[in-house]
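One structure below.
As the structure lists them, so they are numbered: ligands from 1, and atoms in each ligand from 1.
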Amino acid sequence: MSLQDFLSTLDGLEEEASSAFQNASDTDSLEVARVRYLGQKSGALRDVQKRMGSIDKADRKAAGMRLNQFKSNVQGTFETAKERLSGVDSAGADPTFDPSLPGLRPTVGHIHPVTQTITHLMEIMGRMGFEAAEGPEVEDPWHNFVALNIPEDHPARDPLDNFYLATAKSGSGDRTLEGSQLLRSQTSTVQIRVMENKQPPVRVISLGRVYRPDAPDATHFPMFHQMEGLLVDKHVTMANLKTVLRVFATNYLGDDVEIRFRPSFFPFTEPSVEVDFYWNGAWIEFGGAGMVDPAVFEAVGYDPEVYSGFAFGLGVERLCMRRHGITDIRDLYSGDLRFLQQF
Ligand code: FA5
């Protein structure tokens with residue numbers, strides 16, 4: 001056999017074997033093709049190898065080289081087909097994986113509307129020079145009541161109106177641990193913590209969770225957030241309080257917001273007011289405010305003859321609801337994605 005014939009036989013065979021392997025639709029037909037082309041006993045490769053003997057000695061080297069190349073090419077095509085049909089492709093995916101299908105878009109979460117509100121409120125108050133302050137959610141009676149001028153026998157300390165912790169009792173005489181600890185019922189606790197640690201002037205806001213055993217309804221939830229504001233300096237007046245709250249309200253809700261103060265009572269402010277905003281044809285209470293009571297200044301060691309100040313505490317959920325037209329506070333904590341994804 002001439003070298004030329006040998007080479008062209010191999011070319012044809014390589015093409016034939018490769019396409020047989022590539023077109024095999026399952027492992028059985030691939031095995032049939034393997035036996036036909038690469039089989040040791042009767043395969044086409046074996047026949048070709050036998051013919052090597054009839055080639056001129058001088059051409060045998062070239063024929064041998066081509067034969068080796070043929071073997072490795074055809075073996076390679078076979079291995080690829082085998083991997084494909086066993087479902088293990090080069091990406092290691094299972095046979096049900098179709099890399100040509102369009103991918104699934106990852107779901108991007110939303111920042112909770114209350115968290116968005118907190119960020120917004122901090123930004124507005126920050127522009128008015130208020131710094132953020134924090135306090136613990138598990139409080140002692142000193143910070144939640146006593147220093148805020150709420151004495152032992154005050155109804156606000158009733159166990160039915162507070163979440164007292166069953167485990168925390170102390171007879172140590174340490175005023176911060178008198179009686180039971182509780183989940184704070186108002187962020188006014190932070191006023192005390194700030195004033196205990198800093199001399200005037202003070203200008204802080206504190207945004208955080210508070211807890212009350214209130215029955216849930218459209219405007220009440222047992223866990224909610226408050227924004228506490230405190231400003232202490234010389235010559236602070238009620239006019240400053242009104243201005244700050246008005247500027248805040250117009251920034252947060254828009255120029256057309258209507259705001260109203262109603263006379264009220266809080267043990268830690270004198271005089272005290274209830275702050276209402278007009279919403280959906282009605283006045284809704286958004287918080288309380290007033291001039292810091294001298295008894296509070298005395299509890300933290302400020303001289304009430306020198307300093308005066310105002311404080312306010314607004315319900316964050318109600319602010320959030322007012323801005324977004326949410327009519328039921330329970331929607332905010334339902335965990336319903338259809339609701340949350342709107343924000
Ligand atoms: C207070 O908590 C006072 N600490 C506010 C204050 C601070 C007055 C500083 C003076 C000086 P009040 O209990 O009214 O006040 O609550 C304030 C606001 O929290 C309410 O107006 C309301 O917007 C919101 N709030 C009260 N209870 C709930 C509740 N269960 N669910 C949702 N929001 C509530």
side-chain contact (heavy atoms from CB on, under 4.5 Å) filter on D293, not counting sequence neighbours, yields N149, E270, A295, V296
request  = Verify, without hydrogens or angle tests, whether T119 (side chain) and T115 (backbone) share a donor-acceptor contact under 3.5 angstrom.
outcome  = yes
>> Can you see whether F224 has R212 sitting over its ring - NZ or CZ less than 6.0 Å from the centre and within 45° of the normal?
In response: no
Say whether, by atom type as modelled, one donor and one acceptor occur between the side chain of R184 and the main chain of G135 under 3.5 angstrom.
yes
Sequence neighbours excluded, the answer for ring-ring contact (aromatic ring centres under 6.0 Å, His included) partners of Y278 is W283
Residues at least two apart in sequence or cross-chain that pass side chain to side chain donor-acceptor pair (under 3.5 Å) with D26, listed by chain then number, are S29
Does ligand 1 have any N/O atom under 3.5 Å from a protein N/O, and what are those pairs and their distances?
from	atom 1	to	atom 2	distance (Å)
ligand 1	2 (O)	R212	NH2	2.8
ligand 1	2 (O)	Q226	NE2	3.0
ligand 1	4 (N)	Q186	OE1	2.7
ligand 1	4 (N)	S188	OG	3.0
ligand 1	13 (O)	R212	NH1	2.8
ligand 1	13 (O)	R212	NH2	3.1
ligand 1	16 (O)	Q226	NE2	3.4
ligand 1	19 (O)	Q226	NE2	3.3
ligand 1	21 (O)	E285	OE2	2.6
ligand 1	21 (O)	G287	N	3.1
ligand 1	23 (O)	F286	O	3.2
ligand 1	30 (N)	D214	OD2	2.7
ligand 1	30 (N)	F221	N	3.4
ligand 1	30 (N)	F221	O	3.0
ligand 1	31 (N)	F221	N	2.9
ligand 1	31 (N)	F221	O	3.4

